[in-house]
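Note that the coordinates shown come from a computational prediction; the quantities given were computed from them, not determined experimentally.
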Amino acid sequence: MKKNIILVLGIIVVIALLLVWGKKNELVDETIKLAGKPAPEFSLSDRDGKIYTLQSLKGKNVVLFFSEGLICYPACWDEMIALAKDKRFQENNAVAFSVVVDSKEAWQKATSEIADLKQASILFDTDKRVSEKYGMLKVKSSMHNGSTPGHTYVIIDKNGIIRFIYDDIKMGKNGDKILSEIEKIN
């Protein structure tokens, strides 16, 4: 009897995992379909209150790194800092921002405790509208399906067209890969 119950529970768990995995693949596929299309407009502020819009960034290649933010230590933190410090983006007429759903207050506290985080170029999406528009809340790399982005890069060209999307489930440093993609569109 116990073996049958364990077997049935095991089958239920496997089916549930397959359904969740299938749904995540479907959602990621929807996100990837944005490539080649005009990027959704956005209006996001940085730590100083400066507003950035897609329109205000026209003429530059734009990298939006959607990340889990402060809860993602060290992978996201390391990548946010690396992207902000990498001068090669400027050399390629590009800007790189990390988009987080954390509050400005949480970042102020974190940067007062961890000085390196002050270097990160953060844009706040606290209401998650931009992350939702870009399909970033349910990508494979998100460990919090539906509540935060994962570790995903979106490259928008000088004319506002999404040229490349990379969802990194390994959560590594990808500056070289992203710059290589920017060089392809220059």
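The closest side-chain heavy-atom distance from Lys128 to Ser147 is below 4.5 Å.
If you take CD1 on Ile156 and CG on Leu54, they are separated by 5.5 Å, rounding to the nearest 0.5 Å. Distance check: Ser103 OG to Gln108 CD gives 8.5 Å after rounding to the nearest 0.5 Å. For the atom pair Leu123 CG and Lys50 NZ, the distance stands at 10.0 Å (nearest 0.5 Å). A distance of 4.5 Å separates CD1 in Ile51 from OG in Ser45, rounded to the nearest 0.5 Å.
Under the side-chain hydrogen bond (donor to acceptor under 3.5 Å, both in side chains) criterion, the residue pairs touching residues 51-66 are Thr53-Ser56, Asn61-Asn186, with sequence neighbours excluded. Among residue pairs with one or both ends in residues 69-87, those qualifying as salt bridge (Lys or Arg N to Asp or Glu O under 4.0 Å) are Asp86-Arg88; sequence neighbours excluded. Sorted by first and then second residue, the salt bridge (Lys or Arg N to Asp or Glu O under 4.0 Å) pairs with a member in residues 149-160 read Asp157-Arg163; sequence neighbours excluded. Sorted by first and then second residue, the salt bridge (Lys or Arg N to Asp or Glu O under 4.0 Å) pairs with a member in residues 102-111 read Lys109-Glu113; sequence neighbours excluded.
Applying the side chain to side chain donor-acceptor pair (under 3.5 Å) test to Arg47 and every residue at least two apart in sequence or in another chain returns nothing. Legend: residues meeting side chain to side chain donor-acceptor pair (under 3.5 Å) with Lys118, ordered by chain and number and at least two apart, are absent. Under the side chain to side chain contact (heavy atoms under 4.5 Å, CB included) criterion, Ser180 pairs with Lys184, sequence neighbours left out. Applying the side chain to side chain contact (heavy atoms under 4.5 Å, CB included) test to Pro40 and every residue at least two apart in sequence or in another chain returns Lys133, Tyr134, Ile162.
Each of Leu137 and Val130 belongs to its own hydrophobic cluster when Ile, Leu, Val, Met, Phe, Trp and Tyr are linked at side-chain heavy-atom distances under 4.5 angstrom. Val154 and Ile161 are members of different hydrophobic clusters when ILVMFWY side chains are connected at heavy-atom separations under 4.5 Å.
Ser141 and Gly150 make their closest contact through OG-CA, 3.3 Å (heavy atoms, listed as atom of the first residue, atom of the second, distance). Closest approach of Pro149 to Ser142, counting heavy atoms only: O-OG, 3.8 Å.
Counting side-chain heavy-atom gaps under 4.5 Å among Ile, Leu, Val, Met, Phe, Trp and Tyr, Val101 is found in no cluster with other residues. Phe89 belongs to a hydrophobic cluster whose remaining members, ordered by chain and number, are Val63, Phe65, Leu70, Tyr73, Trp77, Met80, Ile81, Leu83, Val100, Trp107, Ile114, Leu117, Ile122, Phe124, Tyr153, Ile155, Phe164, Tyr166, Ile178, Leu179, Ile182, Ile185; membership requires side-chain heavy atoms of ILVMFWY residues under 4.5 Å apart, directly or through intermediates.
The 12-atom threshold is exceeded at CD1 of Ile71, counting heavy atoms of other residues, nucleotides or ligands nearer than 6.0 Å. By the 6.0 Å contact criterion, CD on Glu132 is open, its count of non-hydrogen atoms from other residues, nucleotides or ligands being 12 or less.
Looking only at distances, no side-chain donor or acceptor of Asp168 sits under 3.5 Å from a matching main-chain atom of His151. Using a distance-only test at 3.5 Å, with no hydrogens or angles considered, a donor-acceptor pair links the side chain of Asp127 to the main chain of Arg129. Not a single donor-acceptor pair under 3.5 Å links the side chain of Ser131 to the backbone N or O of Met136. Using a distance-only test at 3.5 Å, with no hydrogens or angles considered, no donor-acceptor pair links the side chain of Asn92 to the main chain of Glu183. Judged by distance alone, with hydrogens and angles left aside, the side-chain atoms of Asp125 form no donor-acceptor pair with the main-chain N or O of Val99 at under 3.5 Å.
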Evaluation steps, side chain to side chain contact (heavy atoms under 4.5 Å, CB included), between Ser121 and Asp46:
CA-CA 7 Å; Ser121 300; Asp46 67 8; over 6 Å; no
